[in-house]
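Note sheet for the following structure.
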Amino acid sequence: MKYDFRNIEKKWQKYWLDNKTFKADNNSGKPKYYVLDMFPYPSGSGLHVGHPLGYIASDIFSRYKRSKGFNVLHPMGFDSFGLPAEQYAVRTGQHPKKTTEENIVRFRDQLDKLGLSFDWDREIKTSDSSYYRWTQWIFLKLFNSYYDHDLNKAQPIEKLKIPKNLNEKEIGSFIDSKRLAYVDTIDVNWCEELGTVLANEEVIGGLSERGGFPVIKRPMKQWVMRITDYADRLLDDLFELDWPESIKLSQKNWIGKSEGAEIKFSIEKKFIKVFTTRPDTIFGATYLVLAPEHPLINEITTDKYKKSIDEYVEQTSKKSDLERQENEKNKTGVFTGSFALNPISNEKIPVWISDYVLFSYGTGAIMAVPAHDERDNEFARKFNLKIIKVIDGGNKDECYTGNGSLINCGEYDGIDNIKFKSIVVEKLETINKATKRTNYKLRDWIFTRQRYWGEPIPIIYNGNKKKALEFNDLPLELPEVESYLPTKDGLSPLARNNDWINISINGVNYLRETNTMPQWAGSCWYFLRFIDPGNNNEFANKDLIKYWMPVDLYIGGAEHAVLHLLYSRFWHKVLFDLDYVSTNEPFKKLVNQGMILGNSAFVHRIKNTNDFISFDMIKDEKTQKIHVDISFVDEKNRLNIERLKQNNPEFNDVNFIKGKSFYVSRDIEKMSKSKFNVVNPDAICEQYGADTLRMYEIFLGPVEQAKPWNTSGISGVHNFLKKYWRLFYRNDKWMVTEIEPSKNELKLLHKTIKKIASDIESFSFNTCVSALMICVNELTNLNCKSRKILSPLTQILYPFAPHVAEEIWESLGHKNTITYEPFPQVNESYLIEETKNYPVSFNGKLRFNISLSLNLDDSEIKEAILGDTRTERYLKGSLPKRWVIIQNKIINIVH
RNA sequence: GCUCGGAUGGUGGAAUUGGUAGACACGUUGGACUUAAAAUCCAAUGACCAUUGCGGUCGUGCGGGUUCAAGUCCCGCUCCGAGUACCA
């Protein structure tokens, strides 16, 4: 029998599906283990070899855990709301639902070919109304909750204490001001010509990326999530998570907690509040700067400066965020004509406005300390403002941002600046000029999108009065529309369907909210729905949540370091506060798989000509790189010009300058259709099989690391599987016998079991493959035939190459799947070698025992010690460490 | 700019965390079996020197340091990758 991977893989994939081998049991005596992959967006281009890496890693882990006696939940679904399907719909008029469903079928087919052990009975799609019904339900929970800062948790809105003496309208707006999901008017990038709101990335130099139309900042009503109330908890709870440090760090920076003080500077009878983390430098505050959006600007600007201030404000309002950032090295600003009083030095200091101060952070105003802050320093030198050093930073002229003792601070001179921080704030607090204050970079989460292909928001309006839909009204299904473009007024395409917008309840007419939720909404809680996907009464049964949560292992790309992973933590904490889930955090351990990169190929066109030159012949010519499809290039970087011309007719008329062959240049880039560097896993499965592909992907390197794809090494892994197969079938003959294994075979096997188990636990899958290769090579050399060796070998191979392992398992006479066979135990007695204590004397001086695991006699030991020059040197000198080397083994010395 | 992470043969990567650097695999070269090819197997493969044999010198981005011993620890650089963008 040959290793016929095509039939073997088909056979076992069907077996697993038919027998529901990977069905996770909700009632099990076994300990649970929840392994989750970040579910994919089903894009139109299908999977490339980079996508499955994380799925393969989680699959290996799931299969391993099952064989370790765990009840494993390993589900998969699709994040099926999203922009690409909608853009495709805009271009073609096809309903996004249709293209999304087609893509899901294709994805499912590709995933199935890899032999992944998902429990497909639990499949979910975020665009199914049976799913987004509950996304809408959670939205309403957020709408109907507020954050109680005394209890430090979210509470139902009914528990909110409403101040007395409010009229009905005021009560309404008070409640609205506390809701976790609320409506606010926020500046957005508005493009009149395109009739839509654009993301910052879509605006370049004040013009729209597509079309080049002007874009302005415009306030628009948006739904917003009050994630900032959770800033402290999102930050504090990070420490207990078993996540990569880099991800925790990005979340920490994103939340950006900084502690400082809010200080009041008075201008006649008014106050300007500034936020600072460096109140210790207040004696050096020689001017104030307000953000151009600051509401007090009009009041404090003197007539003389009014014109220039107005111009400046007007100018900055036209700038996009990107343009404002471009000024980083060339700051601009205008004087208001007013002076404020420094509350501690009582000096009059000028008040300026500048766009280097952000209105959205802190109070939108700063006290500038040019001697100890680089941005202030730059500004002060440009506009010739006073610079006073207040912290002793040695002789350096430049601005000093470190710590030291105070100077030029009158009675406070000589005090350590860190101590002075609290001294000055306390002093100013007594005269009501300062308060301690903590600020966050984290902003509330703008939740609405003017798009079609997303969850409708279950809110209706009667005038300005909001009303939440009732539970029985959910799901609020997406209506049909004539066009998927936003309307001229910047409303979502949903606004095009008048029948849908207008709704009458008990004789009262309402208008529906027409915006939809962002793609993050569906992925915020999908891991909870996997627990109980068919439940029509709750988003998931509470007991089942208690059993399965938290997710023990979450695998996905690092690109979600902040957005998805922060939003889902936020929602989870709200659900926890409201007692719907049992854990404070959703994901216990997180692993980021590295990206698999493509190896792009380029042809070089000599500039301003139609001549393409072979890469090896380029000397001084200036050339332009053009991507060509990597399937036309061989391993030696030679281009098949004929095939290129067949597929890309635009190359028909060009002149190829070449020697013997035409060479391309190569570059490592992200794998993408537009770069023509995509390697399709289907083709590799067809040629080598899924088991080979799986093992090769993890053999490429550590899971966490980014690495380029190179198919040429795949034969090594494929040969390994063939070699493994030959241990069982050689020349059509079944090789396994009941013979007792040799000592060497047992030692090798148990060494390998130990290595595999510990390496899987520590996610070092690539070294597992090496260990298996060594084991199979040596067993081949030993001509091993013993069932007692080959049967456990098959079990430890199973997580990596499950199809071939199942097939062999069956050949070994087992009737059941290998999946739930207990993972082989390590028998340490095969590994531990005998140790003896030997007394050793050296130069008649040193005397100690060594504990040895080598079969040497005393004279050999002495010879070994003397023969090793390093040990000799060590022995002649002092004795700082407690071991020596004998025959390459480190031996502990027992005194 | 700031914050992380990294740099090991022709290539992907190992190295029990301070103890024979280069495991395992690809590639390359030579050989066996074949009419031939494929498949399979064997040998060599960091560089340089010596080669009849033994062997020797250098070697983990660069420059220093600690140590009997450094890819690994410390100090100073260079380059590459990722994230972030004036957050007071």
Side-chain angles (χ1 to χ4, degrees), chain A residues 2 244-250 252-258 260-261 274-279 281 285 288-289 291 321-322 324-329 331 354-358 360-369 372-376 378-379 401 439-443 558-559 561-562 592 594-595 597 635-636 668 695-696 699-702 704-720 722-723 726 730 755 758 764 766-775 777 780 868-881 883-885 887-891:
Chain A
K2 278 195 110 180
E245 285 305 316
S246 60
I247 301 281
K248 292 205 231 177
L249 198 71
S250 330
K252 191 182 162 200
N253 291 339
W254 188 267
I255 295 167
K257 180 177 184 171
S258 48
V274 305
F275 174 74
T276 179
T277 53
R278 298 292 305 273
T281 60
L288 295 188
V289 188
D321 283 351
L322 273 174
R324 278 175 75 153
Q325 283 157 26
E326 278 163 14
N327 278 340
E328 205 172 329
K329 286 287 152 250
K331 295 199 163 37
S354 169
D355 63 3
Y356 85 90
V357 174
L358 306 176
S360 51
Y361 183 76
T363 59
I366 60 156
M367 64 176 210
V369 184
H372 305 288
D373 180 285
E374 279 171 23
R375 296 153 300 178
D376 299 342
E378 208 181 298
F379 192 80
T401 53
N439 259 317
Y440 302 89
K441 279 194 220 175
L442 184 70
R443 304 289 152 73
E559 65 273 20
V562 279
N592 291 124
M595 207 184 304
L597 304 163
E635 280 162 20
K636 289 180 177 156
I668 306 295
M695 290 195 89
Y696 185 56
F699 183 61
L700 276 175
E704 298 90 337
Q705 190 178 305
K707 50 216 166 257
W709 177 265
N710 179 0
T711 310
S712 71
I714 202 166
S715 59
V717 172
H718 193 60
N719 284 342
F720 157 75
K722 285 197 278 191
K723 218 164 174 179
R726 272 202 306 278
R730 213 169 302 162
K755 171 110 178 121
S758 78
S764 179
N766 54 331
T767 52
C768 286
V769 179
S770 300
L772 286 165
M773 285 175 172
I774 293 168
C775 188
N777 277 341
T780 305
D868 188 303
T869 52
R870 290 162 313 167
T871 313
E872 209 176 337
R873 264 185 287 150
Y874 152 70
L875 286 168
K876 278 175 188 162
S878 57
L879 197 63
K881 299 234 172 129
W883 45 262
V884 292
I885 301 169
Q887 291 211 340
N888 309 329
K889 296 222 170 185
I890 308 156
I891 309 298

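Lettering follows sequence order; numbering is per chain, from 1. These numbers were taken from a predicted model, which means no experiment stands behind them.
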Are side-chain heavy atoms of [X] and [Y] found at a separation under 4.5 Å?
X	Y	answer
K257(A)	L442(A)	no
Y696(A)	V769(A)	no
F699(A)	S770(A)	yes
E704(A)	P244(A)	no

Out of [options], which nucleotide sits closest to the side chain of [X]?
X	options	value
V357(A)	rA88(B), rU84(B), rG12(B)	rA88(B)
T277(A)	rA88(B), rG13(B), rA25(B)	rA88(B)
F699(A)	rC24(B), rC86(B), rU84(B)	rC24(B)
S258(A)	rC26(B), rA15(B), rA88(B)	rA88(B)
D355(A)	rG13(B), rG27(B), rC86(B)	rC86(B)
I774(A)	rA23(B), rA85(B), rA88(B)	rA23(B)
K723(A)	rC24(B), rC41(B), rA85(B)	rC41(B)
N719(A)	rA88(B), rA23(B), rU40(B)	rU40(B)

Problem - In rU17(B), glycosidic geometry as syn within 90° of 0 or anti otherwise - result: syn
Fill in the blank from the handout: With syn meaning chi within 90° of zero and anything else anti, the base of rG9(B) is syn
Who does [N] pair with, Watson-Crick or G-U, both distances under 3.5 Å?
N	value
rA88(B)	none
rA70(B)	none
rU45(B)	rG27(B)
rA39(B)	none
rG18(B)	none
rG61(B)	rC77(B)
rG53(B)	none
rA82(B)	rU3(B)

In whole Å, what separates the [atom1] atom of [N] from that of [M]?
N	M	atom1	answer
rC49(B)	rG10(B)	P	15 Å
rC62(B)	rU8(B)	P	10 Å
rG63(B)	rG30(B)	C1'	43 Å
rA15(B)	rU72(B)	P	16 Å
rG59(B)	rC54(B)	C1'	23 Å
rG5(B)	rU60(B)	P	23 Å
rG13(B)	rG22(B)	C1'	10 Å
rU28(B)	rG83(B)	C1'	40 Å

Across the strands shown, which category fits [X] at heavy-atom distances under 4.0 angstrom: base, sugar-phosphate, nothing?
X	answer
R730(A)	nothing
S360(A)	nothing
E245(A)	nothing
T276(A)	sugar-phosphate
K252(A)	nothing
P708(A)	nothing
F720(A)	nothing
N777(A)	sugar-phosphate

Practice task
Evaluate side chain to side chain contact (heavy atoms under 4.5 Å, CB included) for D376(A) paired with M367(A), printing each intermediate quantity in order.
Solution key: CA-CA 9 Å; D376(A) 299 342; M367(A) 64 176 210; over 6 Å; no
Problem - Residue closer to the 5' end of RNA chain B, D376(A) versus L249(A) (nearest nucleotide) - result: L249(A)
Handout entry: Which residue lies more 5' along RNA chain B, comparing V562(A) with E374(A) via nearest heavy atoms
Key =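 The residue closer to the strand's 5' end, by nearest nucleotide, is E374(A).
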Handout entry: Donor-acceptor contact present, side-chain K707(A) to main-chain P702(A), <3.5 Å
Key =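 At least one qualifying donor-acceptor pair exists.
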Starting at [atom1] of [X] and ending at [atom2] of [N], how long is that distance when rounded to a whole Å?
X	N	atom1	atom2	value
K331(A)	rG1(B)	NZ	P	15 Å
M695(A)	rC24(B)	CE	C1'	12 Å
I714(A)	rC24(B)	CD1	C1'	16 Å
E559(A)	rG5(B)	CD	C1'	17 Å
K248(A)	rG5(B)	NZ	P	14 Å
F275(A)	rC86(B)	CZ	P	16 Å
K755(A)	rC24(B)	NZ	P	13 Å
N592(A)	rC4(B)	CG	C1'	13 Å

Side-chain N or O of [X] less than 4.0 angstrom from OP1 or OP2 on [N]?
X	N	value
K722(A)	rU40(B)	yes
N766(A)	rG12(B)	no
S246(A)	rU3(B)	no
Q705(A)	rG13(B)	yes
N253(A)	rG83(B)	no
Y361(A)	rA88(B)	yes

Handout entry: Atom CD of E374(A) with >12 non-hydrogen neighbours under 6.0 angstrom
Key = no
Problem - OG1 on T281(A) to CG on D373(A), rounded to 0.5 Å - result: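 Reported value, rounded in 0.5 Å steps: 8.0 Å.
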Handout entry: Residue pair T276(A), V369(A): steps toward the side chain to side chain contact (heavy atoms under 4.5 Å, CB included) verdict
Key = CA-CA 10 Å; T276(A) 179; V369(A) 184; over 6 Å; no
Problem - Aromatic ring pairing Y356(A)/F379(A), orientation class (parallel under 30°, perpendicular over 60°, tilted between) - result: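 Ring orientation of Y356(A) relative to F379(A): tilted.
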